[in-house]
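This report refers to the structure that appears directly beneath it.
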Amino acid sequence: MFLFAEKVGCVAMNTAFRPPVQSRPATRYTAVAILLHWVTALLVISMIPMGLWMVRAIKDPATQQLAYQLFQVHKSIGFAILALTVVRIVWRLTHPVPALPAGMKNWESFLAKATHVAFYGLMLALPLSGWIYISSGWAISTDRPLQVATSWFGLFGVPDLPGLEGNRTVAFAAMGAHSYLAWGGIVLIALHVAAALKHHVIDRDAVLAQMIPVLSPALPKIRAEHGHGASAPSGSAFYRAGGVMAVVVVAIAGCLFSLPAPLPIQADGQAEAPVSTAPAPVQAAANSAPAQDQASASTAKTWVIQKASSRIGFEGVHNGKPFTGQFEDWSGDIHFDPANLAASRASVTIKTGTAKTGDATQEGSLKNGEWFNSARYPDARFETVSFAALGGERYEAKGTLTIKNKSIPVVLPFTLKINGTKAHMEGALELDRAAINMGMFSDPAADWVSKAIQVKVVVDADAGNP
């Protein structure tokens, strides 16, 4: 095992991608190459225990919250590794690297270089297979659709790859490849570390010192830069092909051995009714109800919303922790007169894609298909049917709330204070997300997101025309 490790292990310390022409051999890696190597190494090594733990912890209610958080970190680190690997490859192709140690046979050099290429291939294929998996919107642990947006350390959103949403087969194949590649990476890392230590402790050559310069100020003799068959340019295509093929074979094996059996009941993978589904009849009724009072609406005072001090917010529990948010873009048309409630009416239109919680992952997920599906249904709408006075400054508005293609009757209790031409209103209601078909494919039992969502409304308005 040690002998084999020696042959393969100089993989990260010696030439895999050699510039076409070099006038002088490099004796050390550049500072940039060393920094990229160790940053990438730390990120890759951190992913191994994280990945092994979270795939089990996500199924245990006691550890689900931490597993969910680590899953977001895992994705973010994966994208960081992908970006760093691209930078490393570009740097490698444009800067000279140290030659291999003297005395290595041609086949040993070929194996070391091919393994190095395999390392680069793994660091590209692993995050890409993970990206494909999360883009499929299907959780293999529950074998159900699951759409969770991706953000890079909560700073900005990362889009899904197009055309994969709801594809169960792609999800299983991608995760199979991801798993096989991860185990392949563990094997290569173990061989690499063992061989690097052997080079330093037993062979006492410069391999490890080239990547950790403080280990040896004087470099031992290295392989001549010219005339050695293993490093001749004519062999470069073979070791590169060998490294790439190794990664491809492992990935294909992972895909083929992980394909799912057909579901007993056909699953369409969609989070809601098809696009062609007609709006619910109650929506038409709600739209017509205010029209009955159009003739008398002119007698109800018009109020202009002051957006700077008004808000529509929401609250709930996600993964055991409370969350709050609000919609940044909404508008309302209000005609209200406490002395003429029969003529009063109001309507509010909300741009669902502007929901903000301060968490980029939550915000991206809310736009997805089984939640607001903002691309297909950009607006949610509330329209009053009637108002009732409850005594003092307390009122309630009965109306219809339409989200996506689902309309439900709601009652909004509120308080209203009118001081001359100024009005201040505060109201709240509780929504059952099951009633409006939100998140019911991936989380019907409210294991992740509470079914009860509180909606709070604060409106400051001035009397008169805009």
Find out whether M440 and K451 are in side-chain contact, i.e. whether some heavy atom of one side chain is under 4.5 Å from a heavy atom of the other. yes
Could you check whether any side-chain heavy atom of W303 comes within less than 4.5 Å of a side-chain heavy atom of I418, counting everything from C-beta outward? yes
Residue pair V317 / V449, side-chain heavy-atom distance below 4.5 Å: no
W183: partners by ring pair (Phe, Tyr, Trp, His ring centres under 6.0 Å), with sequence neighbours left out: none
So, taking the atom named CE in M438 and the one named CH2 in W371, what distance separates them when rounded to the nearest 0.5 Å? 6.0 Å
How would you list, by chain and number, every residue that makes a side chain to side chain donor-acceptor pair (under 3.5 Å) with S129, sequence neighbours excluded? H178
Donor-acceptor under 3.5 Å (S135 side chain, W131 main chain): yes
Parallel, tilted or perpendicular, judged at 30° and 60°: which one describes the rings of F257 and Y180? parallel
Sub-4.5 Å side-chain heavy-atom contact between T40 and R88: yes
Main-chain N/O of E370 paired to N368 side chain as donor or acceptor, under 3.5 Å: no
Ring centroid separation Y133 to F172 under 6.0 Å: no
Going from OG on S310 to CD on E426, what distance comes out if it is rounded to the nearest 0.5 angstrom? 10.5 Å
Are S374 and T352 close enough that a side-chain donor and a side-chain acceptor fall under 3.5 Å? yes
Selection residues 414-423 - residue pairs positive for side-chain hydrogen bond (donor to acceptor under 3.5 Å, both in side chains), sequence neighbours left out: K422-D462
Would you mind listing every salt bridge (charged side-chain N to carboxylate O under 4.0 Å, His left out) that reaches into residues 312-325, with sequence neighbours excluded? E315-K456
Within a strict 4.5 Å, meaning less than it, do heavy atoms of the I305 and D460 side chains meet? no
Identify, with sequence neighbours excluded, every residue that meets side chain to side chain donor-acceptor pair (under 3.5 Å) alongside T357. Q362
I want to know whether Y377 and F372 have ring centres closer than 6.0 Å. no
Can you sort out the partners of F71 under ring pair (Phe, Tyr, Trp, His ring centres under 6.0 Å), two or more places apart, ordered by chain and number? none
Side chain to side chain donor-acceptor pair (under 3.5 Å) partners for D379, two or more places apart: K351
Do H37 and L84 have side-chain heavy atoms sitting under 4.5 Å apart? no
Rounded at 0.5 Å granularity, tell me how far CG in N373 sits from CG in N405. 9.5 Å
Salt bridge (charged side-chain N to carboxylate O under 4.0 Å, His left out): which pairs involve residues 241-261, sequence neighbours left out? none
With a 3.5 Å distance limit and no angle check, can you tell me whether K404 reaches the backbone of N437 through a side-chain donor-acceptor pair? yes
For residues 151-160, which residue pairs qualify under side-chain hydrogen bond (donor to acceptor under 3.5 Å, both in side chains), counting only residues two or more places apart or in two chains? S151-T361
Is a side-chain N or O of R433 found less than 3.5 angstrom from the main chain of S450, in a donor-acceptor match? yes
Taking only residues two or more places apart in sequence, or in another chain, which ones meet W330 in a ring pair (Phe, Tyr, Trp, His ring centres under 6.0 Å)? none
Going by an N to O cut-off under 4.0 Å, is there a salt bridge joining D143 and R168? yes
T302 and H335: side chain donor to acceptor below 3.5 Å: yes
Partner residues of K75 under the side chain to side chain donor-acceptor pair (under 3.5 Å) criterion, sequence neighbours left out: Q72, T150
Shortest non-hydrogen contact from L412 to G427? CD1-C, 4.0 Å
Quick check for you: to the nearest 0.5 Å, what is the distance between F382 atom CZ and I312 atom CD1? 10.0 Å
Any side-chain heavy atom of V97 within less than 4.5 Å of one from R92? yes
Among pairs that include at least one residue of residues 411-438, which meet ring pair (Phe, Tyr, Trp, His ring centres under 6.0 Å), considering only residues two or more places apart or in two chains? Y395-F414
Return the CE to CG distance between M54 and L66, rounded to the nearest 0.5 Å. 11.0 Å
Starting from the C-alpha separation in whole Å, work towards a yes-or-no answer on side-chain hydrogen bond (donor to acceptor under 3.5 Å, both in side chains) for W138 and T169. CA-CA 9 Å; W138 197 280; T169 301; over 6 Å; no
Between CG of L122 and CD1 of I186, what distance do you get to the nearest 0.5 Å? 11.0 Å
Polar side-chain atom of T94 near backbone of W91 as donor-acceptor pair, under 3.5 Å: yes
Assess whether atom NZ of K398 is packed by more than 12 heavy atoms of other residues, nucleotides or ligands within 6.0 Å. no
Establish, from distance only, whether the side-chain atoms of R381 and T402 form a donor-acceptor pair under 3.5 Å. no
So T400 and I408, do their side chains get closer than 4.5 Å, heavy atoms only? no
Assess, by modelled atom type and distance only, whether the side chains of D329 and T354 contain a donor and an acceptor separated by less than 3.5 Å. no
